[in-house]
Number of protein chains: 2
Amino acid sequence: MTESPSKHKRRLHEDVFEQIAVQILDRTLPPGTALPKDAELCTRFGVSRTVIREAIQVLAAVGLVDVRHGAGTYVNETDRWDLLDQRLLYMMGSTGTVGFLIDDLLDIRRMFEVEAAALAAKRATPEDIQALETLVSRMRDPSTTSSEYLDLNLEFHAGLVQASHNRILQGLREQLRGVLAVMMNARQSQANAEMQIVSTAMHQMILDSIRERRPDRAQAVMLAHVQGAERSLQTRSSGHHDT
Amino acid sequence: MTESPSKHKRRLHEDVFEQIAVQILDRTLPPGTALPKDAELCTRFGVSRTVIREAIQVLAAVGLVDVRHGAGTYVNETDRWDLLDQRLLYMMGSTGTVGFLIDDLLDIRRMFEVEAAALAAKRATPEDIQALETLVSRMRDPSTTSSEYLDLNLEFHAGLVQASHNRILQGLREQLRGVLAVMMNARQSQANAEMQIVSTAMHQMILDSIRERRPDRAQAVMLAHVQGAERSLQTRSSGHHDT
DNA sequence: CGATATTTGTACGTATGTATT
DNA sequence: TAATACATACGTACAAATATC
């Protein structure tokens, strides 16, 4: 069975949800706008009210709209959106509307990776370390392409979380996977052979720190590693803040 | 309209969901068990199949069960559960089945609070600081009861996240609020006047660090603060390590 | 292996309740 | 109060996947 992992047979309401959600994300439907009433959406999309209701329910669940009983359905302000929802994050990534979140995501990524590295240094099993070692050695292989390198990078960080043996951290990683991949892809455009060498050295140092059970060092190296990647992406007036 | 914030008119499927979920959480329905088929659940709960389907949909959404088309619905292993889901975390808290997650939660809480403190020290506005100051001064007030103190504690941490100005961190906090409250309640049992004085001093130091824009110090004090609270709760064997 | 029964999946139409305007 | 629009639940029909004989 050669099936892509995302092989959901598409349901009608997912389609409706996505079409409306995109319009909200890209500000075609700005906050405050009222959605058409159920009946009208039914005719517009050619589906039953059940389907429309399901779609609106999801829109409300991710905070894109506020459904007011008897009054109508209205697009929410940005701060009501569920920024941790995978669907939203993924859609923001693919529609190029994720910009306003980049800095926030970088914070989270830094926090997340640094903690995973520290915990891994405390709790990694020999098997965990072996898996990471395999990945780093493949990074070191000169025949590894730029695209493959990117995957190895993601796998290394996944392996780190695995080695942290924290189930909630693993759940968080799942939740953020989509966006982090988008951010790393953005970074890929600037990837070159020289950066790969530096990056591989960093990974090696992190791995060594883990093997030697030195959480502080793992943490510090990871911080440097992540911050290096941050510079090319961040938009916040870094360092010197508000007046 | 004086209504409590959580005033959802209870829907039938929520009730069904909860009853089944509790049985899964407390191992009355262990992993691998098959749920009765829809029709049987309909008669058992006295509701239509629509309601049963909604309930099962939620059970599947939080990873408690795996619905196999044409075959049946089966209880999942623990590692498939969505440990970040608010409903699950809340139910685990109130049914006393959260034990197996305590250590993981402590990791997350530490990561979370430390990062929030550091970010707050970088980005807090005068208004943020003012709000925190108010809270600390109320903590210092000797007429504050133990129960009030607990609320202030929660509010302080909420204020810190607010002051971090990271929208995703705020979302994460929302997601973890329920469990963190449960954990803090557990800690409350050991709270006494002396601990409140120490704790208030810690909060004051964190606030000072923020005001002085010293992220490192805010981070360090918060780490000490959180780790102090950890000791009374953690179950993981590793007791002695570095910092 | 094939035919049939079982079980879940999706969507529809409808009825009634409830909040808002 | 009446009209409107959302909320919830029911029953039904048929499709699709699986299990069983």
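Numbers restart at 1 for each chain; the letters A, B, ... are given by sequence-line order, proteins then strands.
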Excluding sequence neighbours, so at least two apart, what forms side-chain hydrogen bond (donor to acceptor under 3.5 Å, both in side chains) with [X]?
X: A/Asp151; value: none
X: B/Asp128; value: B/Thr125, B/His165
X: B/Glu54; value: B/Arg11, B/His13
X: A/Asp15; value: A/Arg10, A/Gln19

[X] [atom1] to [N] [atom2]: how many Å, rounded?
X: A/Arg53; N: C/dG13; atom1: CZ; atom2: P; answer: 16 Å
X: A/Leu12; N: C/dG13; atom1: CG; atom2: P; answer: 12 Å
X: B/His13; N: D/dA9; atom1: NE2; atom2: C1'; answer: 12 Å

Qualifying residues under ring-ring contact (aromatic ring centres under 6.0 Å, His included), relative to B/Phe156, sequence neighbours excluded
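Listed in chain order: B/His203.
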
Does anything in residues 84-100 of chain A form a salt bridge (charged side-chain N to carboxylate O under 4.0 Å, His left out)? List the pairs, not counting sequence neighbours.
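For residues 84-100 of chain A: A/Asp85-A/Arg87.
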
B/Asn166 and A/Asp107 side chains, donor-acceptor separation under 3.5 Å:
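A/Asp107 vs B/Asn166: donor-acceptor pair found between side chains.
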
Using a heavy-atom distance cut-off of less than 4.0 Å, which residues of residues 57-79 of chain B contact DNA chain D?
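Correct list: B/His69, B/Gly70, B/Ala71.
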
Interface residues of residues 37-52 of chain B with DNA chain D (non-hydrogen, below 4.0 angstrom):
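The stretch gives B/Val47, B/Ser48, B/Arg49, B/Thr50, B/Val51 as the residues lying under 4.0 Å from the strand, ordered by number.
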
Just jot down the salt bridge (Lys or Arg N to Asp or Glu O under 4.0 Å) partners of B/Arg167, sequence neighbours excluded, or say none.
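Counting only residues at least two positions away or on another chain, B/Arg167 forms a salt bridge (Lys or Arg N to Asp or Glu O under 4.0 Å) with A/Asp104.
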
